[in-house]
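Below is one structure, written out as structure tokens, with a few remarks after it.
Reminder, nothing fancy here: chain letters follow the sequence lines and each chain counts from 1.
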Amino acid sequence: MPVTHVTNQFAAPECGGDVLVVNDLRFSYPDGHSALNGVSLKLCEGDKVALVGPNGAGKSTLMLHLNGILNGQGDVEIAGMRLSRENLPVIRALVGLVFQNPDDQLFSPTVFEDVAFGPLHMGLPEAEVRSRVDAALEAVRMSAYRDRLSHHLSVGEKKRIAIATVLSMQPSLLVLDEPSAGLDPRARRTLINLLRDLPITMLVSTHDMKLVQELFPRTVVMDEGRVVADGLTSEILEDEPLLNAHGLEKP
Amino acid sequence: MHFDAFDRYHDKESFLHRLDPRVKVLVTVIFIVSNALLPDGAWFAFGFAWLFLLLCNLLSKLGYAYSLKRSIIALPFALIAITVLFSIPGKPLSSFHFLGITFTITDAGLLRFVSILIRSWLSVQMAILLVAVTRFPDLIHALEHLRVPAILTTIIAFLYRYLFVLTDEVFRLLRARESRSGAVTGSKRRLERVERSGRGVLWRAKIAGNMAGQLFLRSYERSDRIYNAMLARGYAGRLYTLNPHEMKSVDYYATAFAIAVIFLMQWIGRF
Amino acid sequence: MFYSPAPLHIPDGFLSLLVSLVCWVVTALTLGAAISRTNKSLGERQIPLMGVMAAFIFAAQMINFPVAGGTSGHLLGGALAAIVLGPWAGMLVMTAVIAVQALLFQDGGLLVMGANILNMGLVTAAIGYGLFRSVSGSSKTVKLGVAGVAAWLSVMAGALLTSLQLWLSGTSQLGIVIPAMLGVHALIGLGEALITVSALAFILQTRPDLLGEGSESAKAGKGWILAGGLISLFVVFLSPFASADPDGLERVAENLGFIGAGQSAPFEIIPDYTLPFLGETALSTIVAGAIGIAVVAVISLLVGRGMKARS
């Protein structure tokens with residue numbers, strides 16, 4: 001299928017400080033499949049950005065690069081620090097990555113242990129770990145679930161706890177993969193309200209165009225390992241040729 | 001499938017629920033060792049052990065017969081000990097013929113058989129009570145404190161967490177197999193026959209094996225994703241855990257009391 | 001349907017204290033070696049892998065297939081775990097599975113858990129891995145064939161060991177328990193073999209890299225071939241001998257001093273053991289006194305701690 005590549009057709013909003021800078025990132029999987037073909041992206045303090053595009057566009061691969069789980073060619077900078085082997089632990093605390101399937105994200109028997117995992121591995125003292133766990137659970141409005149067993153939670157509850165597991169690390173950037181997938185309408189609504197209220201820079205990959213329209217002022221479109229459009233959500237959603245070319249639908 | 005099929009914990013506010021999990025694990029183990037130490041036919045000691053169990057049941061607020069009701073689980077294995085009825089020399093009590101062989105039950109054989117059953121039955125009840133009043137994650141913490149190597153407690157923690165996720169996958173696979181076990185319209189084959197049909201036992205085993213293989217690959221890939229999720233939160237090869245439990249006065253007193261009771265039990269069994 | 005106890009899980013009460021403790025010692029030493037080996041060779045990725053694999057074995061044990069007459073075949077998994085994860089990791093995974101079955105479901109006892117781990121987790125892994133490793137260079141058909149034999153033998157080894165432990169504990173008569181256990185498990189072992197082979201065939205077809213050169217499965221030393229081979233020989237030769245001539249085995253054990261030791265509980269062992277300069281009654285008085293003092297000391301220590309601790 002031929003795809004027209006439209007780069008930076010829309011004007012990006014002005015920005016104070018950069019939380020995330022990605023410059024010409026390229027990556028191929030060991031089997032030879034090239035997933036990222038020169039991705040460049042900037043996120044400002046306080047930005048809430050949607051990352052859309054068809055399956056296989058490279059969204060998840062890009063996300064795995066943002067805290068160094070995958071290492072391609074090109075630069076990734078978080079809060080002014082260039083990602084390298086030496087500052088990997090610091091970067092991982094700054095980028096809160098929430099995976100799509102909460103059953104992979106929540107790997108501890110209890111909610112408390114899972115939310116405490118990040119702070120504990122940052123080497124924080126016990127009292128600090130405990131207060132961060134409480135604050136993170138408060139932020140996702142799940143304080144009552146502190147001592148619950150992870151497998152007793154509903155999907156929506158698991159998603160919110162999954163977000164708490166990275167909030168407890170007090171990241172500068174929240175990266176979410178498909179947060180609304182598999183949620184019933186009520187759980188989805190709770191999640192949207194939660195994301196809206198969180199005062200934190202976020203990059204959210206999703207197929208949920210209604211969510212994009214409602215929550216994110218800015219949208220980045222990816223396809224075939226490239227950023228094909230980056231701009232105001234209101235303008236991108238009006239550009240039907242662009243949406244059609246990359247298998248997206250207007251909400 | 002719902003998780004309740006697996007969870008043996010019963011949420012209640014009771015003395016036993018509040019006890020430190022280390023105490024509960026230790027007392028259970030000492031109780032089971034003590035049962036193994038009691039000589040055959042130590043009826044008073046067995047009775048005393050059962051009274052102790054009764055007390056524990058009452059303290060758990062689960063009802064005095066809670067562990068009793070669930071203790072039949074160990075019964076099928078009793079079959080394996082049945083030979084001692086006939087094999088230990090002693091005064092013959094009764095004999096019968098079966099398959100052309102004469103079986104003679106001796107008093108010594110009966111004594112040993114009943115003693116084995118009682119020991120097993122007492123031990124399994126305490127183990128049942130242990131998981132009924134202790135959440136499994138707390139049990140894992142207790143094992144950590146009791147110096148079980150971290151690598152084992154970690155595997156056990158993962159096993160517990162993903163037990164529910166993977167058995168769910170198994171039931172989905174089994175359901176998919178069932179829903180495709182059909183017969184041609186008009187066929188009069190009953191369901192049990194259909195499920196056993198196909199192309200014989202080898203073919204059915206192959207299907208089961210493929211399911212296991214598929215489950216293996218899914219699990220393998222899942223462990224990759226979990227590893228990524230761990231990396232993303234700062235894991236670098238070493239696992240850190242918090243100690244959520246603290247021994248209180250009552251925990252020490254309870255241990256001392258239980259040890260005294262069990263020692264008394266041994267004394268009764270001997271004299 | 002959710003959870004059916006397998007006959008190899010011995011409950012508490014069926015093994016004597018001495019047999020249980022000896023099995024615990026053997027198991028603990030082997031696990032100690034497994035832990036130090038895996039810690040050395042452990043990629044950090046191995047921890048979640050072993051954790052999820054333990055859950056996999058647990059769940060895979062629920063996959064069953066109808067055989068005949070209402071019975072069904074299913075998986076124990078020791079051989080399969082060792083073949084795909086390597087022997088040491090396989091042993092740790094099986095240990096976790098058996099521990100959770102005992103702790104959470106009371107399927108298998110706690111004091112006898114050492115024996116259960118030995119029978120179902122350690123010996124099965126050694127046989128499964130050793131035999132499979134011995135044909136690592138061969139064709140797929142040979143590999144699968146050997147895996148099947150190894151899986152069957154691993155179940156037989158577990159059954160044989162279980163029978164021997166029951167007999168040494170004075171719980172079962174050798175002449176009955178061995179043929180009965182081996183007979184039943186010769187059938188159960190067939191199910192194990194069939195599922196193991198088709199699971200491996202599936203893996204070899206879809207992800208051959210997991211079993212090929214450089215995988216965990218190919219890393220362990222060749223000593224395993226010897227270990228697996230020796231245990232298999234032990235099973236192959238002892239089983240027919242024990243079934244055909246239990247009295248012979250009993251005589252051998254008696255001559256070696258196994259039987260008396262296994263059947264009597266330790267309280268009988270200590271008084272039997274008289275020092276030349278001490279009368280029997282004097283010694284038992286001393287031992288009883290020492291134990292009494294130790295227990296009182298432990299109790300007072302606990303009470304003392306309790307008074308200091310926060311209430």
Side-chain angles (χ1 to χ4, degrees), chain B residues 5 8 29 32-33 36-37 73-74 77 80-81 83 87 116 119-120 123-124 127-128 131 136 139 149 151-152 154-156 158-159 162-163 166-167 170 195-196 201 204-206 208-213 215-217 219 222-223 226-227 230 237 247-250 252-253 255-256 259-260 263, chain C residues 2 5 11-14 17 35 44-45 47-56 58-60 62-63 65-67 73 75 92-93 95-96 99-100 103-104 106 109-111 166 171-173 176-177 194-195 197-199 202-203 206-207 265 267 295 298-299 302-303 305-307 309-311:
Chain B
R8 301 297 205 256
V29 169
I32 291 173
V33 170
L37 270 169
I73 182 163
F77 207 88
I80 217 107
T83 57
S87 66
I116 289 174
R119 274 196 208 100
S120 175
S123 302
V124 81
I128 287 168
V131 288
F136 201 74
L139 214 56
I151 188 167
L152 275 175
T154 310
I155 299 178
I156 290 175
F158 271 108
L159 166 51
Y162 288 102
L163 172 78
L166 294 197
T167 41
V170 167
E195 279 183 8
R196 239 177 284 134
V201 106
R204 291 197 296 271
K206 195 180 156 208
N210 283 346
M211 279 185 193
L215 189 68
F216 168 79
L217 288 184
S219 311
R222 183 185 289 280
S223 79
I226 294 169
Y227 175 56
M230 291 169 77
M247 290 280 278
K248 300 195 181 79
S249 297
V250 62
Y252 288 107
Y253 296 145
T255 319
I259 289 179
F263 184 64
Chain C
F2 290 138
D12 276 318
F14 286 81
L17 187 64
I35 288 167
E44 47 197 47
R45 205 206 157 299
I47 293 261
L49 176 65
M50 288 196 284
V52 180
M53 280 303 132
F56 156 71
F58 189 99
M62 293 178 180
I63 298 176
F65 64 98
V67 176
L75 190 72
L92 293 179
V93 160
T95 301
V100 168
L103 283 169
L104 196 52
Q106 292 83 48
L110 302 181
L111 178 58
L166 287 167
T171 303
S172 310
Q173 204 181 359
I176 297 174
V177 73
L194 288 171
I195 299 191
V197 168
S198 13
F202 186 91
I203 297 167
T206 43
R207 284 289 300 271
F267 66 86
V295 171
V298 167
I299 290 177
L302 286 167
V303 172
R305 286 267 190 104
M307 286 175 9
R310 208 165 54 83
S311 58

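- Using a 4.5 Å cut-off between heavy atoms, C:V303 contacts chain B through both its backbone and its side chain.
- For the residue pair B:G209 and C:S198, the shortest heavy atom distance occurs at CA-OG, 3.6 Å.
- Side chains of B:S120 and B:F77 form no contact here, defined as non-hydrogen atoms less than 4.5 Å apart.
- Ranking C:A99, C:G109, C:G51, C:G306 against chain B, the residue ahead of the rest is C:G306, based on heavy-atom pairs under 4.5 Å.
- Contacts of B:V33 with chain C are made by both backbone and side-chain atoms, with heavy-atom separations under 4.5 Å.
- Ranking C:I299, C:L92, C:V197, C:I35 against chain B, the residue ahead of the rest is C:I299, based on heavy-atom pairs under 4.5 Å.
- B:I128 touches chain C through backbone and side chain together, each having a heavy atom under 4.5 Å away.
- Put simply, the side chain of B:I226 does not reach to within 4.5 Å of the side chain of C:L49, judged on heavy atoms.
- Across B:N210, B:T154, B:L139, the residue that shares the most heavy-atom pairs under 4.5 angstrom with chain C is B:N210.
- With a 4.5 Å cut-off on side-chain heavy atoms, B:S249 and C:M307 do not count as touching.
- With sequence neighbours excluded, the residues forming a salt bridge (charged side-chain N to carboxylate O under 4.0 Å, His left out) with B:R222 are A:D104, B:E169, listed by chain and number.
- Of the listed residues (C:T95, C:L110, C:L103), the one with the most heavy-atom contacts under 4.5 Å to chain B is C:L103.
- Proximity to chain C (any heavy atom under 4.5 Å) is restricted, for B:F263, to the side chain, taken from C-beta onward.
- Of the atoms belonging to C:L166, it is side-chain heavy atoms, and not backbone ones, that fall under 4.5 Å from chain B.
- The line from CD of C:Q106 to CG of C:D12 is 10.5 Å long, rounded to the nearest 0.5 Å.
- Within a 6.0 Å sphere centred on CZ of C:R305, heavy atoms belonging to other residues, nucleotides or ligands number 12 at most.
- Residue B:M230 touches chain C through its side chain alone, counting heavy-atom pairs closer than 4.5 Å.
- No other option in B:R119, B:K206, B:M211, B:M247 has as many heavy-atom pairs under 4.5 Å with chain C as B:K206.
- With a threshold of 4.5 angstrom between heavy atoms, B:I116 approaches chain C through its backbone and through its side chain.
- The distance from atom CG of C:L75 to atom CZ of C:F58, rounded to the nearest 0.5 Å, is 13.0 Å.
- If you measure heavy-atom distances from B:Y227 to chain C, the contacts under 4.5 Å come from both the backbone and the side chain.
- Within the 4.5 angstrom heavy-atom criterion, only side-chain atoms of C:V298, from C-beta onward, approach chain B.
- When all heavy atoms of C:L111 and C:L17 are compared, the pair lying nearest together is CD2-CD1, 3.6 Å.
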